[in-house]
2 protein chains.
Amino acid sequence: MGKIRNAERTQKNILEAARNEFFNKGFKGARIESIAENAGVKKQLIYHYYKGKKELYEAVLANLATSGPEWATRVPDNPQHIAEHRYNVNSKERADFIKFTAWQALESQADQTSWNKSGELALQSYVAYWKEQKDKGVLPPDLEPELLALAITALTTYPIIFSDIAKIFTGSDESDPEFQRRWSEFLTNLSGHIIKN
Amino acid sequence: MGKIRNAERTQKNILEAARNEFFNKGFKGARIESIAENAGVKKQLIYHYYKGKKELYEAVLANLATSGPEWATRVPDNPQHIAEHRYNVNSKERADFIKFTAWQALESQADQTSWNKSGELALQSYVAYWKEQKDKGVLPPDLEPELLALAITALTTYPIIFSDIAKIFTGSDESDPEFQRRWSEFLTNLSGHIIKN
DNA sequence: AGTGTAATTTTACAAAAGTTAAATTATACT
DNA sequence: AGTATAATTTAACTTTTGTAAAATTACACT
């Protein structure tokens, strides 16, 4: 049986499989062979398209920056609906992405490599937003906007990364819509105690 | 030069080096050789004391449960001073431990292994505490105590794990006492908006 | 001093994972 | 049909890492 050749699709498959692998296992944990399997190719073929594991990894990042979903590079500017906004779209893909940032954080600390700065700007613009809010008097004066931005980021990502812990606390899976509803509501209520409007 | 032999100390060295390695690089990322180096022994010696990597890992966990610091197994029950309490003691060691929990979370998700449940009880007692608080009317009725416990855990650990992100937001290192003061104060102020007393 | 035992080193190996190079096969173009 | 080029497979190699077994050395005890 002659396999139909299609370089473009093969590359796409590889890239997609690679993203999945890196997102779920980090850089070190990712296996070229596993990527190849999931892409439906021999692992050696990957070296025809990329110099090596590192380059493949960077290709995934680059691809994410261009053709990836907006939430990967931009941070929501919407005041009240932070929680909803974050949970609305594409839950599964976003969750994987969040986990990936966790891998990056841990691995970069482990081997001193400073991690990729593509997300930096997005985060800073996020801070800028909360500064505005404070100037408008929406925020209480005793809460620094930088720290609030950090807190919100923590609250919206933590349950995804630590789904086991979230489960111990709440009894239900993070992926469970019921949990997402509760958590979303909780965050909304929480901000209700802080933000005046 | 004849090396002075001291099995007890050697074992302690190995265990300590192992803890460091596992805490900073996770299970997979940890290298027996690196552990051996830091313990000042040949790596093969490790196999004289432990059957293999896995057993060494478990020894580290067991050791932590017994001779480890209390914060590794217990969660603070103190109402107002959550933030302070957590930052007061042994910052560096605790930070490593927190990172370790992050490794556990990611690695266990990556290869389907359910992670060690030693911490589970501690977390549940934490929830129990907040339930009490709610019953006493200290907490607003729209905030579920389980979720609050989760939120607090997130807020107190996130900056440690994601020190890079914390730095982008705030400009200063998580390990910097100045950051710790600000963050601690922030959390205190935040809880001031929520907890009535 | 002599001997058994435990600690440590030396030597060696096996499996896993990444990578390279050569051989094949499909496809587009003439 | 013939050929160049790119896609894919086959075969082979290197490095890294974990592990096992044998050889040595120190120490305690008689």
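The sequence lines fix the lettering, A, B, ..., with proteins before strands; numbering per chain opens at 1.
Taking for each of Lys28(A) and Thr10(B) the nucleotide of DNA chain C with the nearest heavy atom, the 5'-most of the two is the partner of Thr10(B). Mapping Ile32(A) and Glu8(B) onto DNA chain C by nearest heavy atom places Glu8(B) closer to the 5' end of the strand.
Electrostatic pairing of Glu185(B) and Arg182(B) does not count as a salt bridge here, judged by no charged N lying under 4.0 Å from a carboxylate O. A salt bridge does not link Asp135(A) to Lys131(A): none of the charged nitrogens lies less than 4.0 Å from a carboxylate oxygen.
If you take NZ of Lys43(A) and P of dT10(D), they are 14 Å apart, rounded to a whole angstrom. Between Asn6(B) atom CG and dA28(D) atom P there is a gap of 10 Å when expressed in whole angstrom units. A straight line from CD of Gln11(B) to C1' of dT8(C) spans 14 Å, rounded to a whole angstrom. Counting to the nearest Å, the P atom of dA28(C) and the CD1 atom of Ile4(A) are 11 Å from each other. Rounded to a whole Å, the CD1 atom of Ile35(A) is 8 Å from the P atom of dG18(C). Ile46(A) has its CD1 atom 14 Å from the P atom of dA17(C), to the nearest Å. Put simply, CZ on Arg5(A) is 9 Å from P on dA7(D), counting in whole angstrom units. Atom P of nucleotide dG18(D) and atom CD1 of Ile14(B) are separated by 15 Å, given to the nearest angstrom.
Counting distance only, with no hydrogens placed and no angle test, the side-chain atoms of Gln44(B) and the base atoms of dT11(C) include a donor-acceptor pair under 3.5 Å. Contact annotation: side chain of Arg31(B) to base of dT16(D), donor-acceptor pair absent below 3.5 Å.
Residue Ala30(B) is classed as a sugar-phosphate contact, given heavy-atom separations below 4.0 Å to backbone atoms only. Counting any heavy atom pair closer than 4.0 Å across all strands shown, Tyr49(B) reaches sugar-phosphate atoms only and no base atom. Using a 4.0 Å heavy-atom cutoff across all strands shown, Leu45(B) reaches at least one base atom of the nucleic acid. Nucleic acid contact for Lys51(A): sugar-phosphate only, since backbone atoms but no base atoms lie under 4.0 Å from a heavy atom of the residue.
Residues passing the side chain to side chain contact (heavy atoms under 4.5 Å, CB included) test with Lys134(A) are Leu139(A), Pro145(A), sequence neighbours excluded.
Here Phe22(B) and Tyr57(B) bring their ring centres to under 6.0 angstrom of each other.
Taking the side chain of Tyr47(B) as heavy atoms from C-beta on, and the options dG18(C), dT10(D), dG18(D), the nearest nucleotide is dG18(D).
Residues Pro159(B) and Leu150(A) share a closest heavy-atom pair of CG-CD2, 4.4 Å.
Distances shorter than 4.0 Å separate some side-chain N or O of Lys53(B) from OP1 or OP2 on dG18(D).
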